[in-house]
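The shown structure was predicted, so the numbers you read here are calculated from the model rather than taken from an experiment. All ligand and atom numbering here is 1-based and tracks the order in the structure.
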Amino acid sequence: MTTATSSYPPLALYIDGAWTEGSGTRREPVVDPATGQVLGELPLAEPADLDAALEAADRGWRSWRDTPIETRSRILHTAARLLRERAQEIGRVMTMEQGKPLAEAAGEVQRVANLLEWDCEEARRAYGRIIPTGPGENLTVLREPIGPVAAFVPWNFPAGSPMRKIAAAVSAGCSIVIKASEEVPGTAVLITRAFHDAGLPAGVLNLVFGVPEEVSSHVIVSPVIRFVAFTGSIPVGKHLAQRAASVMKPSAMELGGHAPVIVCADADPKSAAVACARGKYANAGQVCTSPSRFFVHRSIAEEFTTALVEASEAVRVGNGLEPGVQMGPLVNARRREAVHRLVTDAREKGATVLTGGEIPDGPGYFYPPTVLVDVPADAAILSDEPFGPLAPVIVFDDLDEALRQANALPYGLAAYGFTNRADTADRLVRGFEAGILSINHTGGSVPQAPSGGYKESGYGREGGAEGLDGYLVTKRVSHRLQA
Ligand code: NAD
């Protein structure tokens with residue numbers, strides 16, 4: 001195993017229950033986005049390693065699906081307990097490689113333990129049904145594990161994104177070959193280690209890293225794989241969905257969004273602004289559900305904007321390992337350039353930047369909380385997912401028009417509304433075209449409820465009873481009692 005920094009874990013692939021550096025020599029550096037320091041060298045999988053993972057997943061699934069559900073559940077509960085016990089240690093590694101503040105990172109590990117427990121309990125209720133017939137025949141419907149899953153996840157939730165796929169797959173009785181993000185591999189390694197230490201049998205969980213296109217082109221079309229799960233950008237999601245469709249495999253796509261917030265005339269502008277800032281700057285805005293277009297009624301726009309600027313300037317930005325830091329750097333230089341390009345474009349087209357909007361001096365990929373007003377309709381920031389700490393404020397007069405603009409983009413992942421009137425809230429609930437809706441807060445996802453998009457934000461749901469659907473396949477059994 002390869003590591004450069006003593007507090008950062010050794011990095012390796014995990015195939016058939018064993019850690020390996022793979023059969024090749026290719027390595028990729030992992031960089032701390034707060035300092036630019038290299039944390040470790042990541043081995044990349046070669047085709048032979050992927051074949052080994054696929055064979056292991058095929059064997060792993062066949063024994064895991066036939067393991068009594070009590071045994072499966074006990075192992076998964078043990079993994080959840082280990083994750084909880086190791087939350088600080090794993091959180092620290094997550095902060096080093098991804099940048100988010102330590103409390104946010106450790107909290108994410110606690111949440112994935114909750115998610116794993118919830119999924120494995122829910123899998124115990126993957127009931128089929130009995131359909132009435134005449135005497136002499138039993139007509140039943142069974143829900144079985146679909147088989148080995150191929151999963152691809154991004155870097156913004158180094159624990160949350162892999163666990164969404166792993167928990168659903170292994171709880172349902174499937175095996176999984178997961179390619180976690182090459183930018184944040186340490187967290188995925190430590191999560192995998194918790195499953196290994198909990199006694200998960202070899203082959204059920206296989207963790208690989210590699211050149212993304214090489215891995216997906218090899219794995220998705222393999223006859224071993226029965227289901228494809230992806231979280232990431234819309235262009236890559238479309239590409240992988242087409243690849244899965246070419247071999248007639250079902251897939252789930254958790255893609256990007258550009259979440260509108262509508263702050264209605266009757267909302268309290270100050271508390272709405274504080275809630276919006278909290279949601280906006282979580283994970284430095286690198287969240288697929290991050291609020292990213294703020295439609296505010298004209299009558300409260302000035303008060304809201306003043307409070308939002310105040311809350312933005314109060315955010316303590318720095319190295320996430322330092323106590324008191326509330327927002328870390330962006331994940332890499334590419335992301336910071338993309339964010340700054342959106343601000344520059346908006347400025348050039350006439351927007352006013354009330355706070356932030358400049359790349360700070362010094363090491364790391366920091367970018368300040370940024371509030372923009374008077375943003376013209378043709379500014380790219382209003383149609384391209386910002387995935388950074390940018391808050392464009394747009395003033396509206398008519399709620400129907402605000403909803404029309406909110407729904408005008410091809411995305412439909414999350415949406416937010418602030419109002420103290422039940423009838424207005426009802427208009428928002430019915431009016432928003434989005435899969436994840438929050439009224440009067442910007443809080444995150446919970447294990448017991450489904451998350452997923454409308455329109456180009458994808459299909460399939462993660463979490464809730466629906467979260468297991470893709471990982472189960474339905475079998476109709478008609479049993480005549482006499483041949
Ligand atoms: P991306 O879609 O390029 O990458 C996301 C993940 O997919 C990464 O781990 C990457 O390695 C993997 N990937 C990329 N190409 C692949 C391929 N051909 N086969 C298999 N896996 C592949 O996104 P990014 O450049 O890391 O981030 C930029 C944009 O992605 C953001 O602006 C945002 O829109 C979106 N994003 C969305 C989410 C989400 O949760 N929905 C998360 C991260 C990024």
Side-chain angles (χ1 to χ4, degrees), residues 28 30 33 42 44-45 50 97-100 108 150-165 177-185 187-188 207-221 225 228-244 251-259 282-290 292 330-342 365 367 380-381 383-390 409-414 434-436 444-445 451-463:
E28 192 170 300
V30 180
L42 179 67
L44 303 181
L50 300 175
E97 62 186 9
Q98 199 268 354
K100 66 180 67 176
E108 184 178 325
F152 306 88
V153 293
W155 42 264
N156 53 339
F157 288 98
S161 293
M163 186 58 94
R164 285 280 200 188
K165 318 294 190 215
V177 177
I178 183 164
K179 190 199 78 58
S181 165
E182 288 71 28
E183 304 193 62
V184 295
T187 307
L207 173 69
V208 298
F209 302 100
V211 176
E213 177 63 10
E214 274 180 34
V215 178
S216 62
S217 60
H218 193 96
V219 168
I220 291 175
V221 297
I225 294 300
V228 177
F230 174 73
T231 299
S233 63
I234 292 172
V236 176
K238 286 179 177 172
H239 174 58
L240 299 191
Q242 280 171 6
R243 180 167 283 153
S251 60
M253 294 286 148
E254 211 278 74
L255 309 178
H258 200 333
N283 205 4
Q286 301 165 114
V287 185
C288 50
T289 55
S290 185
S292 49
L330 297 177
V331 72
N332 53 33
R334 189 163 44 92
R335 186 95 300 278
R336 181 165 75 169
E337 279 156 25
V339 163
H340 192 56
R341 247 194 327 273
L342 289 177
Y365 310 121
Y367 201 84
I381 194 175
S383 52
D384 295 359
E385 183 178 21
F387 233 63
L390 310 183
L409 298 183
Y411 326 112
L413 189 60
I436 304 168
S445 64
S451 298
Y454 279 26
K455 304 193 281 185
E456 291 195 11
S457 292
Y459 45 78
R461 292 292 180 268
E462 297 197 306

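Ring planes of His258 and Tyr411: tilted class, angle from 30 to 60°.
Side-chain atoms of Gln98 and Asn283 form a donor-acceptor pair, as typed in the model, at a separation below 3.5 Å. A donor-acceptor contact closer than 3.5 angstrom is absent between the side chains of Glu385 and Ser292. Side-chain contact annotation: Arg164 with Thr231, donor-acceptor N/O pair under 3.5 Å absent.
Residues of the protein with a heavy atom under 4.0 Å from ligand 1 are Phe152, Val153, Pro154, Trp155, Asn156, Lys179, Ser181, Glu182, Pro212, Glu213, Ser216, Phe230, Thr231, Gly232, Ser233, Val236, His239, Leu240, Glu254, Leu255, Gly256, Cys288, Arg334, Arg335, Glu385, Phe387, listed by chain and number.
In this view, Tyr367 and His340 satisfy the ring pair (Phe, Tyr, Trp, His ring centres under 6.0 Å) rule, not counting sequence neighbours.
A salt bridge between Lys165 and Glu462 is present, with a side-chain N of the basic residue lying under 4.0 Å from a carboxylate O of the acidic one.
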